[in-house]
Amino acid sequence: MVTGAISSVKGSDLETMPVTRLEQSLQGRASGLTIASNSGEPGASSTIRIRGFTTFGNNNPLWVVDGVVVDAGGIGYLNQSDIESIEVLKDASSQAIYGARAAAGVILVTTKKGAQGAIRINYNTFLGSSAPARKLSLLNATEYATLRNEAALAAGNALPFSDPASLGEGTDWQEHIFNRNAFRQNHELSISGGNEVSTFYTSFGLLTQEGIVASEISNYKRNNIRLNSEHKVAKWLKFGQNLGYSHERGQGVGNTNSEFGGPLSSAINLDPTTPLIITDPTIINNPSLPYSTQAVPRDPNGNPYGISQYVAQEMSNPLAYIQTRLGNYGWSDNIVGNVYGEIEPIKGLKIRSTLGSKLSFWGHESFTPVYYLNAVMQRAQNDFTRGTNRGFDWNLENTISYQYSLQDHNFMALIGQGAYYDNRARGINVTYFDIPVNNFDDASLNYTIPADQKNSSGYENVGHTVSSLFARLNYNYKEKYLVEGLIRRDGSSRFGSNNKYGVFPSFSLGWVVSKEDFLMDNPNISMLKIRGGYGVVGNDNIGDFAYLSTIGGGRNYTIGLTDIYTVGNSPNAPSNPDLRWEQTSQANIGLEMSFLTNFTLTFDWFNKVTTGILQNPRIPGYVGAIGNPAANVADMKNTGVELELGYKNRLGAVNFSVNGNASYLRNEVTDIGAGVSFLNGAGFQASTYNITRTMVGQPFNSFYGFRTMGIFQNQAEIEAYKNSEGGLIQPNARPGDFKWADLDENGVIDANDRTFIGDPTPNWTFGFTVNLEWNNFDALIFGQGVAGNKVFQGLRRLDINNANYSTRALGRWTGEGSSNDFPRLTDADANNNFTNPSEFYLEDGSYFRLKTVQIGYSLPRSLSNRIGLQKIRLYAMAENLMTFTKYTGFDPEIGGGIMSIDRGIYPQARSYMFGLNVAF
């Protein structure tokens with residue numbers, strides 16, 4: 001009988017879903033989770049937050065697969081068809097059994113096992129095509145030239161374009177990087193069965209997916225093998241293993257959410273007046289241009305790709321950029337599994353040992369040719385790089401449990417010991433320069449080159465260990481009154497002897513009201529349970545040996561009057577022997593209910609408080625330290641409510657069910673340390689200030705900037721905006737400039753006039769699933785969304801005046817009364833209209849996405865049995881079919897350490913697929 005806050009997702013709900021990574025399977029299906037894709041590139045991970053931000057550092061939840069701890073980045077090795085169930089432990093009373101690293105939440109994944117009976121074979125496949133769901137609305141060549149002339153004229157410069165109208169539409173860079181027919185496929189085969197002694201489950205998977213952006217360098221492949229088995233060799237003894245292997249290989253565009261180049265950022269910022277390729281021989285052969293003198297990449301017909309004469313820096317012709325990355329790839333091999341043994345010497349007493357491990361190998365290979373993309377983006381020497389890495393993590397748990405009943409009193413006690421070892425990795429990286437080839441396929445480390453043309457490096461991580469003891473007691477009376485208590489003691493290698501060990505207790509209570517006499521025969525309520533709990537969990541997520549004053553090199557110096565440098569070493573930072581565990585305490589009150597025959601409801605309220613957040617606070621320079629020491633300096637809290645509601649019924653021949661969930665979250669920083677008023681957050685290119693800030697009383701890393709009061713329509717309005725002394729508040733302003741709010745009323749616009757202008761993290765998350773069955777037809781509709789957050793739309797490079805604009809700029813201020821929300825365009829922006837972080841860049845990040853729509857047909861059993869099959873099902877489905885949002889960028893769903901900052905996010909694709917499921 002569960003008394004904690006746990007959300008579950010069944011593996012059967014995921015088997016035919018187009019899920020590449022496991023995180024996607026939870027989005028919108030479980031309450032209390034905020035999940036956002038880090039990129040739409042195939043194989044990309046997602047950001048997951050369970051009940052908000054828990055700390056200022058790593059907020060990734062603890063993933064446990066069949067008892068093996070797996071890092072968040074490595075969870076992509078799993079095939080969703082191998083999953084039996086996923087459970088999200090959201091409150092401290094359910095997390096506490098994982099004590100040391102459970103503060104950010106725990107996600108338990110159980111893979112499928114075999115069952116007694118005949119051999120079962122299941123094959124599932126789908127194939128389909130993906131395309132971008134939307135394009136940005138950018139200026140064409142004529143519009144661009146018109147606005148660039150306007151901006152130059154406003155700055156007193158010469159007009160760059162003599163006849164904008166003659167330029168026509170120009171180059172649509174987005175059309176040239178997007179693939180509207182990106183292929184994807186998935187194949188899964190599983191075989192299971194067993195008898196009263198042994199059962200097994202084995203599976204094979206193959207997934208390939210092309211990216212919708214620059215598909216030549218954006219794709220992903222994964223192969224999976226799994227073998228799970230269990231053997232009951234005696235009534236008192238059983239043992240088994242769960243073992244999974246995956247090989248992943250992917251090519252990436254390089255920048256998937258960056259303003260510093262790459263196909264997407266370049267397609268957004270490049271001027272549309274530059275041609276895709278150059279075909280005019282007089283231009284190609286002009287010695288004053290780079291096409292005849294530099295290594296400009298060329299298309300298959302030998303035509304050089306066009307180079308902009310207006311937009312440079314990291315922005316380049318995206319098709320030329322693609323040519324510089326052809327063949328480059330990253331790879332990984334992961335072996336994750338465990339072995340276990342369990343004996344039951346007497347009834348109710350079980351002694352179990354489990355040894356789990358993750359052995360991983362990963363690396364990359366890349367060839368960079370000689371190229372010239374523009375004056376900034378060029379290479380005069382080629383290079384070939386190969387990197388290989390190896391990691392090994394393991395954990396050992398031993399438990400003794402005893403279950404006993406005395407009349408109506410039921411007890412279950414457990415004691416255990418655990419040892420955990422991770423972060424043990426090492427790797428090498430080798431680069432050869434100036435090898436005699438010009439493409440990836442011919443590149444090799446076998447070439448003989450001078451020693452000074454070779455470069456190599458390596459590393460070895462320090463292993464992180466945790467040692468644990470834990471005990472749990474469960475009691476219930478008639479399964480009506482429920483009590484659970486747990487205590488765990490963890491020791492971490494990341495703390496010194498003063499505070500190496502932390503103790504994490506929890507308890508929870510439950511009352512199954514529906515088992516009371518006064519409610520037992522109520523026809524309207526079949527189950528009602530009220531539960532509550534409180535607990536404390538820990539976090540040791542900080543660098544190794546942070547409690548010590550370690551020594552670092554590279555502090556070179558000279559002695560006397562010579563110019564000879566002596567290698568120097570010195571302490572990195574002062575020690576802190578009192579460094580201790582970060583602690584998160586959480587109170588939870590919940591309600592579970594089945595009522596009116598067809599309805600189910602789960603409700604939770606929680607209050608989560610983190611104290612002693614691990615940080616590196618600044619210390620004065622006169623201390624003489626190179627770095628800042630680690631300390632427990634900050635506090636934060638999250639409060640919220642969660643609701644899950646289900647309905648199931650049958651109307652005539654139609655079976656249907658509707659399940660929905662919604663969560664509300666409020667995050668607040670309550671302390672950031674003595675003498676510290678704020679912490680700066682994310683920066684943005686050419687912005688006058690950081691765009692996020694952490695401060696007491698506000699959500700973590702909120703957007704921080706200027707408020708606007710419209711636009712000055714004429715000189716009279718500028719002169720009327722005066723301070724108490726009669727001086728102009730914005731003396732550099734001109735008609736058409738933003739009117740900045742003087743929030744501190746000191747009569748000038750400066751850094752002190754900034755304020756909090758939006759929260760990047762959604763307050764609301766929600767999702768719903770509708771299932772329909774009629775005769776042999778079935779249908780599924782799944783949607784999810786968020787609300788309450790802002791997105792910083794930072795797609796245009798601020799430091800490149802000639803960068804292209806969105807069509808929003810067509811509504812700019814051009815004269816009195818023309819606009820009150822988009823300022824004038826000028827190459828001399830003394831008022832910082834565009835470089836000041838302000839409300840101008842924030843848009844509503846709310847969205848609702850029709851994530852999956854699927855329609856299937858199963859052949860009648862009488863037909864499938866004739867050919868020796870249990871089931872044949874054909875289905876068609878669409879992914880990311882529609883997104884309803886006011887956001888004007890590619891995609892409002894933007895993950896990352898700080899969510900909702902759009903620097904040019906690789907968008908999620910819209911896909912259409914057809915599939916087949918066959919069971920033998």
Side-chain angles (χ1 to χ4, degrees), residues 151 154-156 259 617-618 620-621 669 672-760 790-794 796-801 812-813 819-843 898 901 903:
E259 64 268 46
R618 294 184 296 259
V669 176
I672 56 175
V676 180
S677 56
F678 64 87
L679 299 174
N680 275 322
F684 187 70
Q685 48 83 19
S687 179
T688 53
Y689 305 98
N690 293 76
I691 62 176
T692 68
R693 171 174 287 192
T694 296
M695 194 170 178
V696 171
Q698 298 292 331
F700 178 62
N701 258 323
S702 291
F703 290 122
Y704 194 75
F706 294 89
R707 293 201 179 278
T708 60
M709 300 169 62
I711 290 176
F712 290 118
Q713 299 297 321
N714 49 54
Q715 187 63 32
E717 291 186 1
I718 297 173
E719 294 176 356
Y721 193 36
K722 297 181 178 180
N723 55 36
S724 59
E725 298 177 356
L728 295 182
I729 293 179
Q730 291 180 237
N732 295 324
R734 299 292 181 268
D737 286 342
F738 274 131
K739 181 180 180 180
W740 303 115
D742 182 20
L743 298 181
D744 65 354
E745 299 181 346
N746 70 344
V748 296
I749 302 300
D750 55 24
N752 295 322
D753 292 308
R754 292 174 295 159
T755 188
F756 289 95
I757 54 177
D759 187 351
K790 296 291 186 181
V791 175
F792 186 94
Q793 207 257 46
R796 186 174 187 270
R797 276 288 290 266
L798 303 180
D799 57 338
I800 303 178
N801 283 336
R812 70 208 176 281
W813 187 93
S819 174
N820 202 39
D821 57 18
F822 198 109
R824 69 190 178 110
L825 298 182
T826 176
D827 290 343
D829 184 15
N831 195 57
N832 294 326
N833 292 315
F834 297 100
T835 54
N836 274 350
S838 70
E839 298 166 308
F840 175 72
Y841 288 104
L842 296 187
E843 298 185 24
I898 303 175
I901 299 178
R903 307 170 188 268

Visitor: Measure the CD-CD1 distance between Glu719 and Ile729 for me, rounded to the nearest 0.5 Å.
Guide: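 One finds 13.5 Å between CD of Glu719 and CD1 of Ile729.
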Visitor: Return the NZ to CG distance between Lys722 and Asp742, rounded to the nearest 0.5 Å.
Guide: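 The CG atom of Asp742 is 15.0 Å from NZ of Lys722, to the nearest 0.5 Å.
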Visitor: So, using side chain to side chain contact (heavy atoms under 4.5 Å, CB included) as the criterion, who are the partners of Ala686 when residues are at least two apart?
Guide: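 Residues passing side chain to side chain contact (heavy atoms under 4.5 Å, CB included) with Ala686: Leu798, Asp799.
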Visitor: Sub-3.5 Å donor-acceptor pair from the side chain of Asn820 to the main-chain atoms of Ile711, do we have one?
Guide: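 Yes, Asn820 side chain to Ile711 backbone: donor-acceptor pair under 3.5 Å.
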Visitor: Which of these passes side chain to side chain contact (heavy atoms under 4.5 Å, CB included) with Asn701: Asn690, Ile691, Thr692?
Guide: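 The side chain to side chain contact (heavy atoms under 4.5 Å, CB included) with Asn701 is passed solely by Thr692 among Asn690, Ile691, Thr692.
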Visitor: Using a strict 4.0 Å threshold on nitrogen-to-oxygen distance, state whether Glu839 and Arg707 make a salt bridge.
Guide: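 Salt bridge flag = yes for Arg707 with Glu839.
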Visitor: Does the side chain of Ile757 reach to within under 4.5 Å of the side chain of Ser838, using non-hydrogen atoms?
Guide: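 With C-beta onward as the side chain, the pair stays apart.
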Visitor: Step by step, would you call Arg734 with Arg824 a side-chain contact (heavy atoms from CB on, under 4.5 Å)?
Guide: CA-CA 9 Å; Arg734 299 292 181 268; Arg824 69 190 178 110; 3.5 Å; yes
Visitor: Assert yes or no for the condition that the ring centre distance of Phe834 to Tyr841 is strictly below 6.0 Å.
Guide: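 Ring centres of Tyr841 and Phe834 not closer than 6.0 Å.
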Visitor: How would you list, by chain and number, every residue that makes a side chain to side chain contact (heavy atoms under 4.5 Å, CB included) with Gln793, sequence neighbours excluded?
Guide: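 Gln793: side chain to side chain contact (heavy atoms under 4.5 Å, CB included) contacts with Leu795, Glu843, Tyr887, Thr888.
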Visitor: Could you tell me the separation between the OH atom of Tyr704 and the CD atom of Gln698, rounded to the nearest 0.5 Å?
Guide: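 With rounding to 0.5 Å, OH (Tyr704) is 9.0 Å from CD (Gln698).
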Visitor: Just by distance, do the side chain of Asp744 and the backbone of Asn746 share a donor-acceptor pair under 3.5 Å?
Guide: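 Yes, Asp744 side chain to Asn746 backbone: donor-acceptor pair under 3.5 Å.
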Visitor: Who pairs with Phe684 by ring pair (Phe, Tyr, Trp, His ring centres under 6.0 Å), at least two apart in sequence or on another chain?
Guide: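 If we apply the ring pair (Phe, Tyr, Trp, His ring centres under 6.0 Å) test to Phe684, skipping adjacent residues, the hits are Phe792.
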Visitor: Can you measure from CD (Glu259) to CD1 (Ile901) and round to the nearest 0.5 angstrom?
Guide: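 The CD atom of Glu259 sits 9.5 Å away from the CD1 atom of Ile901.
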Visitor: Tell me the closest heavy-atom pair linking Ala682 and Arg903, and the distance in Å.
Guide: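 Smallest interatomic distance, heavy atoms only, reads CB-NH2, 4.1 Å.
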Visitor: Has the side chain of Trp740 got a donor or acceptor atom that lies under 3.5 Å from a matching backbone atom of Asn831?
Guide: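 Looks like yes, one N/O pair under 3.5 Å.
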Visitor: What heavy-atom pair brings Phe756 and Ser702 nearest, and what distance separates the two atoms?
Guide: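 Heavy atoms of Phe756 and Ser702 come nearest at CD2-CB, 3.6 Å.
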Visitor: Considering all heavy atoms of both residues, which atom of Ala741 and which atom of Asp753 are nearest to each other, and what is their separation?
Guide: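 Reported closest heavy-atom pair: O-CB, 3.7 Å.
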Visitor: What's the spacing between Thr688 OG1 and Asp750 CG if we round to 0.5 Å?
Guide: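 If we round to the nearest 0.5 Å, Thr688:OG1 and Asp750:CG are 11.5 Å apart.
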Visitor: Closer than 3.5 angstrom, by distance alone: can the side chain of Asn723 be matched with the main-chain N or O of Glu745 as a donor-acceptor pair?
Guide: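 Not a single qualifying donor-acceptor pair exists.
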Visitor: Is the positively charged end of Lys790 above the ring of Phe703, judged by distance under 6.0 angstrom from the centroid and angle within 45° of the axis?
Guide: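 Not satisfied by the 6.0 Å and 45° rule.
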Visitor: Testing Tyr689, Phe738, Phe840 for side chain to side chain contact (heavy atoms under 4.5 Å, CB included) with Phe706, which one passes?
Guide: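 Of the listed residues Tyr689, Phe738, Phe840, the side chain to side chain contact (heavy atoms under 4.5 Å, CB included) partner of Phe706 is Tyr689.
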Visitor: Are any of the side-chain heavy atoms of Arg693 and Asn680 separated by less than 4.5 Å?
Guide: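 Yes - at least one pair of side-chain heavy atoms lies under 4.5 Å apart.
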Visitor: Report the relative orientation of the aromatic rings in Tyr721 and Phe712; use parallel for angles under 30°, tilted for 30 to 60°, perpendicular for over 60°.
Guide: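 Rings of Tyr721 and Phe712: tilted, as their planes differ by 30° to 60°.
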Visitor: Stepwise, does the side-chain contact (heavy atoms from CB on, under 4.5 Å) test hold for Met695 with Val669?
Guide: CA-CA 7 Å; Met695 194 170 178; Val669 176; over 6 Å; no
Visitor: So which heavy atom on Ile718 is nearest to which on Ala733, and how close?
Guide: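 Nearest pair, atom of Ile718 first, then Ala733: CD1-O, 3.5 Å.
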Visitor: Using 0.5 Å steps for rounding, measure from the CG atom of Asn836 to the CZ atom of Arg754.
Guide: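 Spacing of CG (Asn836) from CZ (Arg754) equals 9.0 Å.
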